[in-house]
Amino acid sequence: MNPRELDVERLTLRFGGLCALDEVSFTVRPGSLHALIGPNGAGKSSCFNVISGLYRATDGTVKFGEHELTRERPSHMAKLGIGRAFQNTALSPHSTVLDNVMLGRYALTSGGFLACGLRPPWIRKQERRHAARAAEICDFLGIGDVLRTPVGVLPYGAVKRVDIARALAVEPSLLLLDEPAAGMNATETAELASTIRQIRDELGISILLVEHDMGLVMGIADQVTVLDFGRVIADGEPALVRADPEVIRAYLGTESTQSATSTEAG
Ligand SMILES: Nc1ncnc2c1ncn2[C@@H]1O[C@H](COP(=O)(O)OP(=O)(O)OP(=O)(O)O)[C@@H](O)[C@H]1O
C-alpha cells in the first residue's frame, strides 16, 4: 500500500462543557515515527480515539491520503491501511497467539459467510497463506516461538507484542499505538523501543505513538506533538520540543518532569 500522510486539522472534541481537544492540528509524514505526548488528561487518548474512529469529532478533519477518517466506520480502518494497537488489549486470553493475530487477517480475507462455512479448497489455501504470514509477523516481533500458546499465560511484554502483531496483520501503512509501554518495566520498554524503530525502518510503516513515557518518545520519535489541556503547545523534533519552555512548564509538578529533561530510551 502506498504511504500516505495523516493530516489532523483543527480537530475539536467536546464532552458536554469539557473541551478535550481544541483545534488540534499535526501531520504524520509517510514513513515517520510521530509521537503525541502530554501530561495526564491532555487529550492524547481522545485524539487517538477520534483518529481511529471510536469517538466522533465535534469539528475538524482527519485525512489519511484522500480519505476523510472522521466519516469512516472503525471497521473500515484496516481496509484503508491503518492498524491499531490499544492501551487495554482486546485479545482473547484463551486463544493462541496465532489465532489472535489471525483476527487481524480477516479484514484481508475474501469469500463470503457461506464459503467460509463450507470451507472449499480455495478457502483453506487462503487460510494457510494468511497463517503463514501471521507467523512471519510474529517472528518479526520476537513471539514466533509462542504461536500455539494461549495469550493469557504470556508475560505482559509478550501480550503487548501480540496486540502489535494483530495490528500489523492488516498490512497497514500507518500503525496507531496507544501507550504501548504502559505497565512495562525498563527492560521491556527498551526492547519495545527497538521493535518500534524496526517497524518504521524495516517495514517502512508510519507510526503514530501516543505515549506517557517521555524517555521512550524522545529516544525514538522523528517528530513530537505535545498536548496540554486539549491544545497543541509544541510540535517539532524531539530535541526542540524537550527544550521548549511551555513543554517544561506543562510537565512541571508531574512525575514525568525528570524524564522530560534527562532520560533517553534505546
Ligand atoms: N468519554 C469521556 N467522557 C467525558 N470526558 C472524557 C471522556 N474521555 C476523556 N474525557 C476527558 O477529556 C480530557 C482528556 O482526556 P484523555 O483521556 O484524552 O487524556 P490523556 O492525555 O489520554 O490522559 P492520560 O494520559 O491520563 O490517559 C480529560 O479531562 C478527560 O477527563
Side-chain angles (χ1 to χ4, degrees), residues 6 8-28 33-62 69-70 73-74 77 82 84-90 156 159-160 163-164 167 174-186 188-189 192-193 196 207-221 223-236 238 241-242 244 246-261 263 265:
L6 179 78
V8 175
E9 268 188 58
R10 300 170 70 96
L11 199 60
T12 297
L13 176 69
R14 289 198 192 90
F15 295 110
L18 181 106
C19 193
L21 297 173
D22 187 3
E23 303 207 339
V24 167
S25 300
F26 61 89
T27 298
V28 180
L33 203 171
H34 194 118
L36 184 63
I37 65 169
N40 283 326
K44 305 178 295 294
S45 295
S46 298
C47 192
F48 184 95
N49 287 337
V50 174
I51 293 170
S52 53
L54 297 177
Y55 288 172
R56 281 272 165 230
T58 309
D59 208 351
T61 57
V62 180
L69 298 188
T70 44
R73 286 203 300 272
M77 294 289 164
I82 300 175
R84 301 170 292 171
F86 292 95
Q87 203 171 333
N88 302 311
T89 62
Y156 188 69
V159 174
K160 282 285 193 180
D163 198 35
I164 296 173
L174 172 69
L175 177 64
L176 306 176
L177 295 176
D178 189 16
E179 303 212 13
M184 283 191 175
N185 62 34
E188 287 171 334
T189 302
L192 178 74
I196 294 174
I207 299 169
L208 176 64
L209 171 68
V210 171
E211 186 50 65
H212 241 291
D213 188 322
M214 282 283 253
L216 170 70
V217 163
M218 293 301 172
I220 63 174
Q223 194 83 8
V224 181
T225 300
V226 188
L227 293 180
D228 191 26
F229 293 110
R231 283 185 315 112
V232 173
I233 58 165
D235 186 30
V241 163
R242 183 161 46 181
D244 188 301
E246 209 176 337
V247 175
I248 295 170
R249 201 164 35 242
Y251 275 91
L252 270 178
T254 75
E255 57 187 300
S256 307
T257 310
Q258 203 181 357
S259 46
T261 52
T263 321

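All ligand and atom numbering here is 1-based and tracks the order in the structure.
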Novice: Find the distance between OG1 (Thr58) and CG (Asp22) and round it off to the nearest 0.5 Å.
Specialist: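 Answer rounded to 0.5 Å: 10.5 Å.
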Novice: Taking it one step at a time, do His34 and Thr225 satisfy side chain to side chain contact (heavy atoms under 4.5 Å, CB included)?
Specialist: CA-CA 8 Å; His34 194 118; Thr225 300; 2.7 Å; yes
Novice: Just heavy atoms, cut-off under 4.0 Å: does Pro39 contact ligand 1 by side chain, backbone, both, or neither?
Specialist: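 Answer for Pro39: backbone.
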Novice: Ile37 and Tyr251: side chain to side chain contact (heavy atoms under 4.5 Å, CB included), yes or no, with the steps?
Specialist: CA-CA 11 Å; Ile37 65 169; Tyr251 275 91; 3.7 Å; yes
Novice: If hydrogens are left out, which of Leu36, Leu18, Leu54, Val210 has an atom nearest to atom 30 (C) of ligand 1, that is, the closest non-hydrogen atom?
Specialist: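 The option holding the nearest heavy atom is Leu18.
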Novice: Between Met77 and Leu69, does a side chain to side chain contact (heavy atoms under 4.5 Å, CB included) hold up when you go through it step by step?
Specialist: CA-CA 8 Å; Met77 294 289 164; Leu69 298 188; 4.3 Å; yes
Novice: Any idea which protein heavy atom is nearest atom 26 (O) of ligand 1, and the distance to it?
Specialist: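 Checking every protein heavy atom, the shortest distance to atom 26 (O) of ligand 1 gives Asn40 OD1, 3.2 Å.
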Novice: What atoms of ligand 1 come closer than 4.0 angstrom to any heavy atom of Tyr55?
Specialist: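 It comes down to these atoms of ligand 1: 1 (N), 8 (N).
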Novice: Run down the list Ala20, Gly43, Ser45, Gly230 and name the one with the heavy atom closest to atom 17 (O) of ligand 1.
Specialist: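 Heavy atom nearest to atom 17 (O) of ligand 1 belongs to Ser45.
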Novice: Might you point out which heavy atoms bring Cys47 and Leu11 nearest each other, and give the distance in Å?
Specialist: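 For Cys47 and Leu11, the tightest heavy-atom pair comes out as SG-CD2, 4.3 Å.
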Novice: Any chance you could lay out the side chain to side chain contact (heavy atoms under 4.5 Å, CB included) test for Leu192 and Met184, step after step, and finish with the verdict?
Specialist: CA-CA 9 Å; Leu192 178 74; Met184 283 191 175; 4.0 Å; yes
Novice: Among protein heavy atoms, which lies nearest atom 21 (O) of ligand 1, and at what distance?
Specialist: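 Going atom by atom, the protein heavy atom closest to atom 21 (O) of ligand 1 ends up being Lys44 NZ, 2.8 Å.
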Novice: So is Phe48 close enough to ligand 1, meaning a heavy atom under 4.0 angstrom away?
Specialist: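 Judged by the 4.0 Å heavy-atom criterion, Phe48 does not count as contacting ligand 1.
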Novice: Show the atoms of ligand 1 that are less than 4.0 angstrom away from any heavy atom in Ala42.
Specialist: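 Near Ala42, meaning under 4.0 Å from one of its heavy atoms, ligand 1 has 19 (O), 20 (P), 21 (O).
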Novice: OG1/Thr27 to CD/Gln223 distance, rounded to the nearest 0.5 angstrom?
Specialist: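 If we round to the nearest 0.5 Å, Thr27:OG1 and Gln223:CD are 9.0 Å apart.
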Novice: Identify the protein heavy atom lying closest to atom 23 (O) of ligand 1, giving its residue, its atom name and the separation to 0.1 Å.
Specialist: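 Result: Gly41 N, 2.8 Å.
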Novice: What's the shortest heavy-atom distance between Phe15 and Ala20, and which atoms?
Specialist: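 Minimum heavy-atom separation between Phe15 and Ala20: CE1-CB, 3.6 Å.
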Novice: Got the closest protein heavy atom to atom 16 (P) of ligand 1, with its distance?
Specialist: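 Answer for atom 16 (P) of ligand 1: Ser46 OG, 3.7 Å.
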Novice: Would Phe15 count as being in polar contact with ligand 1, using the rule that some N or O on each side must be under 3.5 angstrom apart?
Specialist: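 Between Phe15 and ligand 1, no N or O pair is found under 3.5 Å apart.
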